[in-house]
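Encoded as structure tokens, the structure appears first; notes follow it.
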Amino acid sequence: FFFQAEDGIRDAQESRGLGDVYKRQLCHSCSPDYQAKLRIELQKRVFQPGGSLPTMTLEEFAEKEMERMRITEEQTKAAQLRSKEEEEEDSDREEIDAKRTKKARDWDDWKDDHEKGAGNKLKNR
């Protein structure tokens with residue numbers, strides 16, 4: 001059983017679409033010598049590494065990763081220390097706020113007990 005591609009070429013292999021047909025055609029208008037050279041060049045590239053090659057060894061990568069982890073741990077410890085200091089400052093602020101609130105309440109109580117102008121009535125005249 002043969003599969004017939006869009007260009008009329010019969011294949012024992014199932015076609016995967018038009019792209020399959022175009023991949024098989026190197027260059028119709030090119031000379032056979034050029035086609036042969038092009039085919040050899042393309043075959044040489046088949047097992048060449050595609051993309052980028054590794055830029056560091058596994059040991060170098062491990063060292064960089066350990067350094068990143070050390071920096072992250074230091075930052076975490078510094079953040080925890082800062083949060084503890086802020087909590088202590090907050091407790092100090094709460095004490096200062098409590099003192100200010102007490103002073104304001106005492107002043108309000110004194111104003112309630114002593115009306116405005118109560119000491120300037122000139123009763124001794």
Side-chain angles (χ1 to χ4, degrees):
F1 184 76
F2 289 96
F3 296 98
Q4 185 168 358
E6 290 81 2
D7 62 354
I9 298 173
R10 292 183 177 208
D11 251 340
Q13 179 182 5
E14 183 178 353
S15 176
R16 291 174 292 205
L18 283 176
D20 227 16
V21 174
Y22 295 122
K23 286 179 190 173
R24 282 182 272 151
Q25 300 170 356
L26 288 176
C27 183
H28 287 296
S29 62
C30 300
S31 69
D33 291 335
Y34 179 75
Q35 285 184 3
K37 288 178 185 176
L38 184 60
R39 183 178 301 275
I40 291 169
E41 281 297 315
L42 291 174
Q43 286 174 350
K44 285 181 184 177
R45 292 185 196 170
V46 169
F47 293 109
Q48 296 296 321
S52 61
L53 294 174
T55 57
M56 67 178 78
T57 65
L58 289 175
E59 291 82 17
E60 290 171 338
F61 177 76
E63 288 173 7
K64 283 190 173 191
E65 189 67 21
M66 294 297 286
E67 181 66 20
R68 275 190 237 141
M69 289 299 294
R70 186 187 59 78
I71 290 171
T72 303
E73 287 177 1
E74 287 176 358
Q75 290 173 345
T76 303
K77 287 178 183 178
Q80 289 173 348
L81 184 62
R82 269 188 260 121
S83 67
K84 286 181 182 178
E85 289 173 355
E86 288 174 359
E87 287 176 6
E88 290 173 2
E89 287 177 6
D90 287 344
S91 65
D92 292 342
R93 286 183 190 145
E94 289 174 2
E95 290 175 17
I96 292 170
D97 287 344
K99 288 179 183 177
R100 286 184 184 161
T101 303
K102 184 178 180 334
K103 184 176 179 181
R105 285 182 181 162
D106 289 344
W107 177 245
D108 286 341
D109 291 342
W110 186 88
K111 286 195 310 184
D112 288 343
D113 294 340
H114 303 89
E115 289 184 31
K116 183 176 182 180
N120 295 329
K121 300 235 176 170
L122 300 175
K123 290 185 181 180
N124 293 339
R125 282 199 192 176

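FYI, side chains are in, hydrogens and waters are out, and symmetry mates aren't considered; it's all heavy atoms of this structure.
- With a 6.0 Å radius and a threshold of 12 heavy atoms from other residues, nucleotides or ligands, Met56 has its CE atom above the threshold.
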For salt bridge (charged side-chain N to carboxylate O under 4.0 Å, His left out), just list the numbers for Arg105 and Asp109, CA-CA rounded to whole Å, side-chain angles, deciding distance to a tenth of an Å, and then say yes or no. CA-CA 6 Å; Arg105 285 182 181 162; Asp109 291 342; over 6 Å; no
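- Separation of atoms CD (Glu94) and CD1 (Ile96) is listed at 11.0 Å; rounding is to 0.5 Å.
- Within the structure, side-chain hydrogen bond (donor to acceptor under 3.5 Å, both in side chains) contacts touching residues 73-83 (residues at least two apart or in different chains) are Arg70-Glu74.
- Atom-to-atom distance recorded for Leu38:CG and Asp33:CG is 12.5 Å, nearest 0.5 angstrom.
- The neighbour count for Ile71 CD1, taken as heavy atoms of other residues, nucleotides or ligands under 6.0 Å away, is above 12.
- Using a cutoff of 4.0 Å between basic side-chain nitrogens and carboxylate oxygens, Asp106 and Lys102 are scored as salt-bridged.
- Using a 4.5 Å cut-off between side-chain heavy atoms of Ile, Leu, Val, Met, Phe, Trp and Tyr, with links allowed through other members, Leu42 and Tyr34 fall into the same hydrophobic cluster.
- Glu65 is linked by a salt bridge (charged side-chain N to carboxylate O under 4.0 Å, His left out) to Arg68, counting only residues two or more places apart in sequence or in another chain.
- Scored by the salt bridge (charged side-chain N to carboxylate O under 4.0 Å, His left out) test, Glu89 finds Arg93 as partners (sequence neighbours excluded).
- Contact check for Trp107 versus Lys103: no side-chain heavy atoms found under the 4.5 Å cut-off.
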